[in-house]
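For ligands, and for the atoms within them, numbers begin at 1 and follow the listed sequence. Heads up: numbering here begins at 1 and tracks the sequence.
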Amino acid sequence: MRTPLIAANWKMNLGAADAQKFISAFVPKVEGIRGVQVLLAPQAPLLPQLVSAVKSTPIQVAAQNCGADKSGAYTGDVSPVLLHELGVKWVILGHSERRHVFGETDSLIQARLKAALKETLSAILCVGETLEERKKGETLKVVARQLGALQSGTWVEGYDFKNFAVAYEPVWAIGTGETATPAQAQEVHHFIRGWLTENVGEGEAQVIRIQYGGSVKPDSAEALMSEKDVDGLLVGSASLKPEVFAEIVQNAVKSGSDWKNDKDRFK
Ligand code: 13P
């Protein structure tokens, strides 16, 4: 019963005029597509512009990070309170670039997540191993450690787990053109679902969407989405062009996986 969640992570790309052009071209291409949730994550200063631009569409806006506190002396961070006030619905946390370029630790990412959930933001927690870790056979160990941010104590009372997703983004697949094979993605997604079942809850694990990210292209979207535990995609470079990202959204819902046959998923 999981609605596919397809998100564009624009990273530090697309300016104000580009974003406006993107919306004008993208919205008409996807507005007829049912049974999918689409998110756009622009650079922080463009969040209000994007919220306003997608107001009359089902598209939602995501921030690329948020502060670990409501307010305070945290130069460069954006408060989750402000994001909520601006009408931003989602936030991406623990992206591999935040971990590896900016040195964010598991505990900082958990603090950011807790702060986001308190402000009722929906969140995507990114996890994924480096090439070196994969070669050493440490993929699942690394992913389990990163999932530690979701231990009890993180969740707010009565939390609706439809508003939370995990994105598996192997670092070796990000921006490299080397997509994980559907089988490689499914292996880790299956592990994540099992971890969530054990550590968050059985019902919760069935509701939480698990996205794949890393060099997703229109050609790879359908096969990845056909895997049982791949419930969505987090797309970087291929999300910068409206026609390419629209094709990914289109192809993602074409897949013939079980959810396609489950009519309830489209409600
Ligand atoms: P690419 O699609 O450019 O590999 O980026 C993936 C990613 O990091 C999305 O968050």
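Judged by distance alone, the side chains of T130 and E133 do bring a donor and an acceptor atom under 3.5 Å apart. Side chains of E222 and N251: a donor-acceptor N/O pair is absent below 3.5 angstrom, by distance only. Judged purely by distance below 3.5 Å, without hydrogens or angles, the side chains of T57 and E31 never pair a donor atom with an acceptor atom. Checked by atom type, the side-chain pair N13/Q43 shows no donor-acceptor distance below 3.5 Å. For the residue pair Y168/E187, the side-chain donor-acceptor check at 3.5 Å is not satisfied.
Distances shorter than 4.0 angstrom occur between a heavy atom of G214 and an atom of ligand 1. Residue S215 places a heavy atom under 4.0 Å from ligand 1. Not close to ligand 1: C126, with no non-hydrogen atom less than 4.0 angstrom away.
Not one N or O of L234 is nearer than 3.5 Å to an N or O of ligand 1, by distance alone. At under 3.5 Å, not a single nitrogen or oxygen of T176, backbone or side chain, sits near a nitrogen or oxygen of ligand 1. Remark: ligand 1 and S237 share an N or O pair separated by less than 3.5 Å (distance only, no angle test). The N/O atoms of G175, backbone and side chain alike, include one that comes under 3.5 Å of an N/O atom in ligand 1.
The proximity of N9 to ligand 1, defined as any non-hydrogen pair under 4.0 Å, is limited to the side chain. When non-hydrogen atoms are compared, ligand 1 lies under 4.0 Å from neither the backbone nor the side chain of S239.
Against a heavy-atom cut-off of under 4.0 Å, A173 is close to the following atoms of ligand 1: 4 (O).
In terms of protein heavy atoms, atom 2 (O) of ligand 1 is closest to G236 N, 2.9 Å. Nearest protein neighbour of atom 9 (C) of ligand 1, counting heavy atoms only, is E169 OE2, 2.9 Å. When hydrogens are left out, the protein atom nearest atom 5 (O) of ligand 1 is K11 NZ, 3.1 Å; that is the closest non-hydrogen contact.
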Discussion item. Using the rule given for side chain to side chain contact (heavy atoms under 4.5 Å, CB included), can you reason through L150 versus W155, listing the C-alpha separation, both sets of side-chain angles and the distance that settles it, and then say yes or no?
Written reply: CA-CA 8 Å; L150 310 181; W155 309 107; 3.8 Å; yes
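Side-chain N or O atoms of R209 include one that pairs as donor or acceptor with a backbone N or O of T3 at under 3.5 Å.
The aromatic rings of F245 and F26 sit parallel to each other, their planes meeting at less than 30°, with 60° as the upper class boundary.
If you run side-chain contact (heavy atoms from CB on, under 4.5 Å) between R112 and each of V91, D69, L117, D77, only D77 comes through.
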